Amino acid sequence: MAEELTPATPDESEEPIKQRKNGLYPGVSDELAENMKSGWADTELRDLEPIPQAAETAARRAALSARFPGERLVIPAGNLKTRSNDTEYAFRASVEYAYLTGNQTEDGVLVLEPEGEGHEATIYLLRRSDRENGEFWLDGQGELWVGRRHSLTEAGTLYGIPASDVRELAGALREATGPVRVVRGYDAGIEAALTDKVTAERDEELRVFLSEARLVKDEFEIGELQKAVDSTVRGFEDVVKVLDKAEATSERYIEGTFFLRARVEGNDVGYGTIAAAGPHACTLHWVRNDGAVRSGELLLLDAGVETHTYYTADVTRTLPINGRFSETQRKIYDAVYEAQEAGIAAVKPGAKYRDFHDAAQRVLAERLVEWGLVEGPVERVLELGLQRRWTLHGTGHMLGMDVHDCAAARVEAYVDGVLEPGMCLTVEPGLYFQADDLTVPEEYRGIGVRIEDDILVTEDGNRNLSAALPRRSDEVEAWMASVSS
Ligand code: GLY
Ligand code: MN
Ligand code: MN
């Protein structure tokens with residue numbers, strides 16, 4: 001068994017802090033420094049309840065503990081990243097840390113310490129700012145600048161995990177003995193403290209386990225995914241209402257409109273919104289969103305609200321900007337719709353993960369042969385993958401706290417695996433005819449269509465979490481007319 005982790009001397013200097021790093025206050029008189037130490041009320045919160053998902057995070061930690069008996073496990077949230085000079089990107093905690101704790105603050109670290117048959121968890125966090133040494137108002141991470149933090153006692157109650165001062169953790173890890181693993185890539189300071197004790201291979205096993213653990217969602221997660229989708233549906237409605245304003249400006253109006261919904265109802269967007277009008281729809285990750293929005297063309301909007309707990313939707317609709325599909329647009333749209341229907345029908349417990357992709361690709365290949373774009377038979381096209389010139393990407397992926405969730409899962413557990421109730425995935429076939437593709441009729445060029453929904457595997461089949469957003473071409477037109485009137 002690993003030795004108990006004992007607090008070590010904090011890394012940070014105990015010297016009084018004289019000035020904030022950006023130097024806004026170049027000089028502090030002794031009188032002012034003294035004055036700022038006192039006269040502050042006790043704001044300790046004493047009637048806190050645990051976060052709603054505390055039981056679920058405890059169950060997840062128990063599963064992790066059972067997989068790695070007798071080993072110390074270190075799961076960092078990560079640190080702030082500099083955007084430029086002294087401004088930082090918005091912080092998003094590592095999914096591994098957020099999944100196991102429900103906490104989302106920078107510099108946090110979850111440590112599972114071997115104890116008896118299992119582990120004892122401790123969450124290491126920045127404690128409240130010291131007012132004695134001036135850190136409170138003079139340090140860049142002082143609460144006066146960045147906002148009040150929970151005290152360690154408050155955090156212990158909220159997350160159901162005893163909390164300790166993270167400033168003491170690196171030193172303690174350096175001195176600790178016994179087997180240890182860390183989730184890499186988030187906290188260089190913590191990794192440096194463990195550098196002689198860990199191996200890449202063993203750490204990867206920890207990362208893979210935590211990715212695979214998230215393949216099947218619990219009830220709390222399913223509720224959050226539905227919330228993310230519901231907000232996303234409202235965000236799509238918001239966009240339809242302002243298409244005239246987008247026409248007068250650019251795709252940015254669409255991105256901004258959706259973002260407003262995401263920030264008001266959720267934490268953020270789950271990924272960069274793709275607001276792709278006209279031929280931009282054929283650029284799969286079009287996130288510049290600086291193009292024109294023109295009546296008569298299509299808008300491919302791929303966007304998802306992320307909830308406060310980090311669960312994201314991932315929904316795409318391809319909409320006629322003037323509210324009516326042209327004949328060619330409809331023909332291409334309906335083929336994608338039909339492919340998506342076939343894909344969704346293949347999502348059920350016991351089905352192979354690959355089945356929904358194969359089902360959707362078959363429909364698309366059939367249409368491409370029918371339209372004379374590629375020579376049949378369909379079997380030959382599928383075997384050689386010739387349809388891929390226009391279908392371009394896979395038909396879906398797992399969805400959760402990452403838009404492309406569970407990405408570190410082993411191939412046998414995910415891509416070569418079997419669907420189980422509680423898995424949530426996207427079904428998102430598309431057809432893309434590049435503006436400069438000379439192998440297709442001219443009227444197809446510059447048309448890109450994708451339809452994407454978020455599908456939960458249930459005991460007896462599946463549930464489309466995003467069913468509230470119409471998909472069939474005539475229903476899309478009716479919905480657009482009703483929303484914008
Ligand atoms: N929005 C990224 C994707 O659909 O996978
Ligand atoms: Mn997707
Ligand atoms: Mn998407």
Side-chain angles (χ1 to χ4, degrees), residues 92 95 211 214-215 217 225-226 228-236 239 251 254-255 257-259 261-262 266-277 280-289 298-307 310-319 333 336-337 339-341 343-344 346-347 353-354 356-357 359-361 364 388 390-409 414-415 419 423-432 448-457 462 464-471 476:
R92 189 176 192 272
V95 291
S211 202
R214 293 188 286 114
L215 282 166
K217 271 63 183 177
L225 282 164
Q226 186 67 66
V229 169
D230 292 347
S231 287
T232 298
V233 169
R234 289 189 279 276
F236 274 68
V239 166
E251 293 161 337
I254 292 160
E255 178 188 332
T257 299
F258 190 83
F259 186 60
R261 180 66 68 173
N267 178 52
D268 204 335
V269 287
Y271 53 92
T273 294
I274 298 168
H280 291 155
C282 302
T283 303
L284 294 180
H285 287 175
W286 178 257
V287 290
R288 283 184 234 156
N289 300 340
L298 297 175
L299 166 69
L300 185 156
L301 176 60
D302 182 344
V305 173
E306 175 186 87
T307 61
Y310 286 175
Y311 290 86
T312 188
D314 181 11
V315 174
T316 306
R317 288 294 180 267
T318 306
L319 309 171
Y333 185 95
V336 174
Y337 173 75
Q340 199 204 20
E341 284 282 274
I344 293 173
V347 175
Y353 174 80
R354 289 182 192 274
F356 76 95
H357 172 72
Q361 290 287 302
L364 295 174
R388 291 175 57 187
W390 303 287
T391 66
L392 297 184
H393 54 76
T395 305
H397 50 83
M398 294 293 176
L399 184 70
M401 297 179 101
D402 278 323
V403 59
H404 298 158
D405 209 29
C406 312
Y414 182 171
V415 180
L419 296 180
M423 289 179 168
C424 185
L425 47 97
T426 68
V427 178
E428 50 174 311
L431 279 176
Y432 310 90
V449 173
R450 176 164 66 256
I451 314 173
E452 175 173 27
D453 283 79
D454 300 342
I455 311 295
L456 176 71
V457 184
N462 70 60
N464 184 350
L465 302 181
S466 40
L469 215 46
R471 291 184 293 127
V476 166

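Ligands are counted one by one from 1 in listed order, and the atoms in each one are counted from 1 as well. Every heavy atom of this structure was used, including side-chain atoms; hydrogens, water molecules and symmetry mates were not. All values reported here derive from a predicted model rather than from experimental measurement.
- No cation-pi contact links R450 to Y432, judged by a cut-off of 6.0 Å to the six-membered ring centre and 45° from its axis.
- Atom numbering of ligand 1 starts at 1 in the shown order; those under 4.0 Å from a heavy atom of E452 are 4 (O).
- The closest approach of E428 to the Mn ion (ligand 2), by N/O/S atoms, is made by OE2.
- Proximity of L301 to T316: side-chain heavy atoms (C-beta onward) are nowhere separated by under 4.5 Å.
- For the pair N289 (side chain) and A275 (backbone), a donor-acceptor distance under 3.5 Å is present.
- Here is the list of ligand 1 atoms found below 4.0 Å of a heavy atom in Y271: 1 (N).
- Nearest to atom 5 (O) of ligand 1 among the protein's heavy atoms is H404 NE2, 2.6 Å.
- Sorting the N, O or S atoms of E452 by how far they are from the Mn ion (ligand 2) puts OE2 first.
- At a 4.0 Å heavy-atom cut-off, ligand 1 touches D314 through the side chain alone.
- Geometrically, ligand 1 and H285 share no nitrogen or oxygen pair separated by less than 3.5 Å.
- The aromatic rings of H280 and W286 sit parallel to each other, their planes meeting at less than 30°, with 60° as the upper class boundary.
- With hydrogens and angles disregarded, no donor-acceptor distance shorter than 3.5 Å links the side chain of E255 to the backbone of I274.
- The nearest N, O or S atom of H404 is not closer to the Mn ion (ligand 2) than 2.8 Å.
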Steps toward side chain to side chain donor-acceptor pair (under 3.5 Å) verdict (E428, H393): CA-CA 9 Å; E428 50 174 311; H393 54 76; 4.8 Å; no
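- Every N/O-N/O distance between R450 and ligand 1 stays at or above 3.5 Å.
- Residue side and main chain included, D314 places an N/O/S atom under 2.8 Å of the Mn ion (ligand 3).
- A donor-acceptor pair under 3.5 Å is formed between the side chain of N462 and the backbone N or O of V347.
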